[in-house]
Each structure stands twice: as C-alpha cells, then as structure tokens.
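What follows is a set of notes on a single structure, which appears directly below.
Every value quoted in this text rests on a predicted model; they were computed, and no experiment measured them. Order of the sequence lines fixes the chain letters, A, B, ..., with proteins taken first and strands second; residue numbering starts at 1 for each chain.
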2 protein chains.
Amino acid sequence: MSELPPGTGGHGTSTQAVADALRERILEGTFPPGAVLRQDALAQALGVSRTPLRTALAELARDGLVTYEVNRGYAVRAFDLDDVRAAFEVRATLEALACRRAAERGLPPAALARLAACVTRGEAILGKGRLDPSDLPDYRRMNVEFHEAIIAAGGNPWVAEFVGRTRNVPLASDRVILWEDHGIILRSHDDHRRILRALADRDGHRAAGLMWEHVTRAGEILVAHIAARGQDVVPRRVGADATKGDAA
Amino acid sequence: MSELPPGTGGHGTSTQAVADALRERILEGTFPPGAVLRQDALAQALGVSRTPLRTALAELARDGLVTYEVNRGYAVRAFDLDDVRAAFEVRATLEALACRRAAERGLPPAALARLAACVTRGEAILGKGRLDPSDLPDYRRMNVEFHEAIIAAGGNPWVAEFVGRTRNVPLASDRVILWEDHGIILRSHDDHRRILRALADRDGHRAAGLMWEHVTRAGEILVAHIAARGQDVVPRRVGADATKGDAA
DNA sequence: ACGATCAATTTTGTATCCAATGTCTGGAAT
DNA sequence: ATTCCAGACATTGGATACAAAATTGATCGT
C-alpha cells in the first residue's frame, strides 16, 4: 500500500526513513497491536529492499514498539493501560529529577528566556478563553518544547533518552488529544507558570514537586480518557508535525 | 583475531551472538572508546558476513554503546565520569521508585523469601571476616539478584528496562570491582538487610530512601575509584558469567 | 473420525554483489 | 610554501540471491 514519501526523513539513509515511517504508522495505529510484520510484504509496500527494513525493525524492537522472536519475525507490541500508567510513573519521576537538578544548578538566562517564551506563547493561545482546534498543534509544540528544555537543562542525558522512550508508547504519545476540558488545560498551563518560577528561584524541591504532580495528573487524565473509550481505542493522529525523534 | 565461539549465545541466530560478543568486548574494554568499527574487518574477524554484523551494530547503537553517523560508520562510544554520575543518578532514582512501589503493594511471600535468601547468602560469604576473591562472582550474582528481584517486584517494566540500560555503561558496569574495602561492603550489605526489612514492613518511604542512598553511595565510590585511577582506565572483567541481558 | 506424520510452501536469516558516498593523496596554481 | 581542487581508493548502504527453519496443509494410519 502506502509508498514511502520521496524525501522522507531527510536523514539520507533509507533505513532511518523506513524506521520513522514504521514508527509513525505504529503510533498512528495503522498497524494494530499484535499484527505480524511480514518482511517481504512490508519491504515491497515501502518500496525498499528487505535489508534496510530489517535494520529498521531491529531498531524498533530495541525501542520496544515491536516484539521479536527468532525465526518467527516481528509483531507490533500490544500495550495495555498498565503499561501506560507505568510509563507515566517513570516519566513523572524522571522529569521531576530533571527539574530538581535544573533548578539546583540554575538555568542559563537563555534557557530561562526560552521557557518564558513558551509560557507567553501558551498564554496567547489560551487567552481566547477557549482552545481553538487550529491552535492545538501549536500548543502541543509549545508543551513539548517546554518539557524538553527543562530536561535538557537538567543535564542528564539518560533522563532525556528515557523520557523520550516513554513518549513512544502508542497510547501515551503526545499526539493524543486529551485537552478537551478547558479547565484542565488552564490548570496545566498554570503548572508551567509555577514551574518556571520555581526554576527561576532555584527552588529544586518545589520545582520537582510541581513537575511530578503535573506529569502524574496528565497521566491520570489520559488513562481515564482511554479507559472511558474502551481498551481497543487507538489514538487519533492530530497534526502533521513529526515528533522530534531524539530529545536534545 | 578472536573467532566467534561455536555455539555462542545459544540464541540460535548469529546476529544475536554477534551482538552479545560485541557488547561483551566493548564492556570488557577490548575495543577502546572512540575506536572505529570497520564492518568488513569485524565481520571477517568474527567469522560472519556483514549482514548480521550490521544488524548487531544497529542494535548496539540503539543501546547507546556505539555511535553512528550515516556513511561514516560505527564507533565505540566514549563515556566520561559525568556519564557515569548521571547513570547512577537515574539508577538511584528509578530503583528507589521500584522499592517504594514494591513496598506499597506488598511483596508476595516467594519474593520476600528470595530476598531473604540473598541476604543469607551474603551473610555466609561475608561471615569469614573478609571477602575472598573466589567468592566475588558469587557475591556479585547475589547482589544483582537482590536488586533485580526488587525491581521486578516493583511491577514497572520500564524501570527494569531502563535500569538495565544504565548497567550497560562500560565504566558503570557491575563487573567492575570496587569492593576492596571490607567496611564498604559490610555497610552495603547492611543496607540490603534494612531494605529487606522495610519491604517486609511495607514501609515504602523508608525502603525508597534506603535504596536511593545505597545506589547513590555505590556510584560515588565507583566514581572516586575511577577518578583515582585516571580517566582512561578500562574496567577489568571479573567473572565468566554473562550479564542477564533483559531484566525481567 | 481423529490423530499423527510428512511434505510443500511460506518466511526468516545469511552471504554475495553492486552502487553511492566519504576520505585521502597528489598535483597544480596562487 | 601553502592552499585548493581533482581523481583514485576505501568504506558504507542497499539489493538480490540462496539456504535453513517454521508453519500449514494434506495424507495416511489407527
């Protein structure tokens, strides 16, 4: 079916393009959980040979998006609500850690300015009193940037990598809309504001606590949302923006 | 140079065997940090084709043990002391989390018995008043089992995986000997004893605190050890046991 | 009729081969 | 003498072809 877009990824190597395309499709839900990935068929569908496909599959297997059994091939991994809960637990813990460390070392002015800009951007979007659907991609970008900037400021590369991995869980992906209730999103944005202040004050304890609560609550809401819709619901894709792959 | 042992890995597929062999050699220090890994030469040395080697290299790259640049190949990643410090920081945080959760849910009797057995084994080894070098592999196995059992009891698969990853950092690997001072090891074992008690008492706060301190201190000692010997020191390999790969 | 065994087909894993890209060396021009 | 460019070499990335393993189906036996 769907061919591989011509200049996909732009990473130069087609292995990366294939990996990105597959990641996309899995996160998007095109490949349902448990689906076996036939190498020959997939390679033909993507317009490449089996060699890069195989490498890409190995990469996704390491990412935990697909499972692998020798001589039995690859299959899309199925995630359940417990996996999502666990992912958010780890994420809350690690982001809180990053927050604490960032606050303790003190953020460079440039980083503070970046965070402040994020908050301002969010204010502009939310100021309308309602979150316009067309603003949603922008808001999500801002949100991701805010979190990534803090993680980067935390200075622990492992945190960045592991948090990035938890974002690759299909159901827990950032691309899921859960911001329908304006009250929730307002509170979330207020969290950002307070986190920024705690960081500026170099109050590690407070910053960590706020971030932990912030992420934990987001997870709770997401889990409730998924549970309400039924287990087999697949997240809808929203924007056309690609995830930034490796967190800086 | 060194051929691939005949039935290596036993995983059936030679890709896994190659991956394990390379991982081993990198952690062992045979391939110094920064060394470029020529595919053709390596494949010939290991007695396999370039195809499985490339797959294995891709896997190691996702593991973070080697770096990769398109059209420029793979190279052994260089870790510095900051990486080790960061790894232990994450590990302490995550293992503390696992400890808290394990204590809160309450461990099944079987798990408690396993942990108690570990403590008893340690007592037997340490009872001699000195750590016999011949007992060291046993002690290390016990230590690994103790930590892994708790992580498993924590019930968060992500924690298990991420902690396992931090163990793949060459300098921070478990295989490094740092238990030369008997006082240190005695204290470490006492930590185990107290952690077990806190778990049995379902005191999550205490268990987490103990574990955090336990791991953090181990990291400090290791870092000091490495720093004292100079940056370019490569960890010596100790036993002949393979790391258990994926943590349960 | 049900089960087991065997064979054929499908699918994965590996090796070899070709193309594309990066690097290095040598020379020429400034 | 130094720097820049060009061509050859080496190394990586991808594709095709081949072998081994597994799953499926059918057939034979009980």
Side-chain angles (χ1 to χ4, degrees), chain A residues 1-23 26 31-32 34-63 65-77 245, chain B residues 1-23 26 31-32 34-63 65-77 245:
Chain A
M1 27 187 92
S2 47
E3 273 273 326
L4 205 60
T8 310
H11 301 82
T13 162
S14 82
T15 294
Q16 282 305 315
V18 169
D20 289 345
L22 287 180
R23 211 189 310 268
I26 292 176
F31 297 131
V36 291
L37 301 171
R38 303 265 181 257
Q39 297 181 359
D40 210 346
L42 254 188
Q44 197 172 346
L46 293 173
V48 295
S49 165
R50 272 180 48 212
T51 312
L53 171 69
R54 200 172 217 329
T55 310
L57 283 174
E59 184 178 321
L60 293 186
R62 271 306 314 169
D63 274 356
L65 278 168
V66 300
T67 62
Y68 170 73
E69 263 177 302
V70 302
N71 285 325
R72 296 191 57 174
Y74 297 86
V76 179
R77 172 166 167 193
Chain B
M1 32 187 91
S2 47
E3 272 274 327
L4 205 61
T8 310
H11 301 82
T13 162
S14 83
T15 293
Q16 284 303 316
V18 169
D20 289 344
L22 287 180
R23 210 190 310 269
I26 292 175
F31 297 131
V36 292
L37 300 171
R38 301 267 182 261
Q39 298 180 359
D40 209 347
L42 254 188
Q44 197 172 348
L46 294 172
V48 295
S49 165
R50 270 181 51 209
T51 311
L53 172 69
R54 285 186 56 192
T55 309
L57 282 174
E59 185 178 320
L60 294 186
R62 273 308 313 171
D63 273 357
L65 277 169
V66 300
T67 62
Y68 169 73
E69 264 176 302
V70 308
N71 285 323
R72 297 188 57 174
Y74 296 86
V76 179
R77 173 166 167 195

Inset, instruction - Determine the contact category for B/Thr55: base if any of its heavy atoms lies under 4.0 Å from a base atom, sugar-phosphate if only primed atoms, P, OP1 or OP2 are that close, otherwise nothing. - result: nothing
Inset, instruction - Round to the nearest Å and state the distance from A/Gln44 atom CD to C/dT11 atom C1'. - result: 14 Å
Legend entry - Interatomic distance where CG belongs to B/Asp40 and C1' belongs to D/dG13 [whole Å]: 13 Å
Inset, instruction - Report the nucleotide, chosen from D/dA21, C/dT16, D/dT16, that has the shortest atom-to-atom distance to any side-chain atom of B/Ser49. - result: C/dT16
Inset, instruction - Measure from the side-chain heavy atoms of A/Arg50 and tell me the nearest of C/dT14, D/dG13, D/dA15. - result: C/dT14
Legend entry - Steps toward side-chain contact (heavy atoms from CB on, under 4.5 Å) verdict (A/Leu42, A/Tyr74): CA-CA 11 Å; A/Leu42 254 188; A/Tyr74 297 86; over 6 Å; no
Inset, instruction - For A/Leu57 and C/dT12, give me the distance from atom CG to atom P, rounded to whole Å. - result: 9 Å
Inset, instruction - Among the candidates D/dT16, C/dT23, C/dT12, find the nucleotide nearest to the side-chain atoms of A/Arg38. - result: C/dT12
Inset, instruction - Classify the nucleic acid contact of A/Arg54 as base, sugar-phosphate or nothing, counting any heavy atom under 4.0 Å across all strands shown. - result: base
Inset, instruction - Return the nearest nucleotide to the side chain of B/Thr51; candidates are C/dA15, D/dT16, D/dG13. - result: C/dA15
Inset, instruction - Using a cut-off of strictly less than 4.0 Å, decide whether A/Gln39 has a side-chain nitrogen or oxygen near OP1 or OP2 of C/dG13. - result: yes
Inset, instruction - Could you pull out the closest heavy-atom pair between A/Ala56 and A/Thr15, with the gap in Å? - result: CB-O, 3.8 Å
Inset, instruction - Identify whether any heavy atom of A/Leu37 sits under 4.0 Å from a base atom; if not, whether one sits that close to sugar-phosphate; answer base, sugar-phosphate or nothing. - result: sugar-phosphate
Inset, instruction - Tell me whether the OP1 or OP2 atom of C/dT14 has a side-chain N or O from B/Ser14 closer than 4.0 Å. - result: yes
Inset, instruction - Quickly work out the B/Leu53 CG to C/dT16 C1' distance and round it to whole Å. - result: 15 Å
Inset, instruction - Quickly work out the A/Asn71 CG to D/dT24 P distance and round it to whole Å. - result: 14 Å
Legend entry - Heavy-atom pair with the smallest gap, counting every atom of A/Pro32 and A/Val76: O-CB, 3.5 Å
Inset, instruction - Return no unless some side-chain N or O of A/Arg72 is found under 4.0 Å from OP1 or OP2 of D/dT23. - result: yes
Inset, instruction - Figure out the CD/P separation between B/Glu69 and D/dT11, and round it to whole Å. - result: 17 Å
Inset, instruction - Tell me what B/Tyr68 touches on the nucleic acid: a base, only sugar-phosphate, or nothing, going by heavy atoms under 4.0 Å. - result: sugar-phosphate
Legend entry - Separation between CG of A/Leu37 and CG of A/Leu22, rounded to the nearest 0.5 Å: 7.0 Å
Inset, instruction - Considering only NZ, NE, NH1 and NH2 on the basic side and carboxylate oxygens on the acidic side, decide whether B/Arg62 and A/Asp63 come within less than 4.0 Å. - result: yes
Legend entry - Closest to the B/Pro52 side chain, choosing from C/dA15, D/dG14, C/dG13: C/dA15
Inset, instruction - Would you mind reading off the distance between B/Leu42 atom CG and D/dG13 atom P, rounded to a whole angstrom? - result: 13 Å
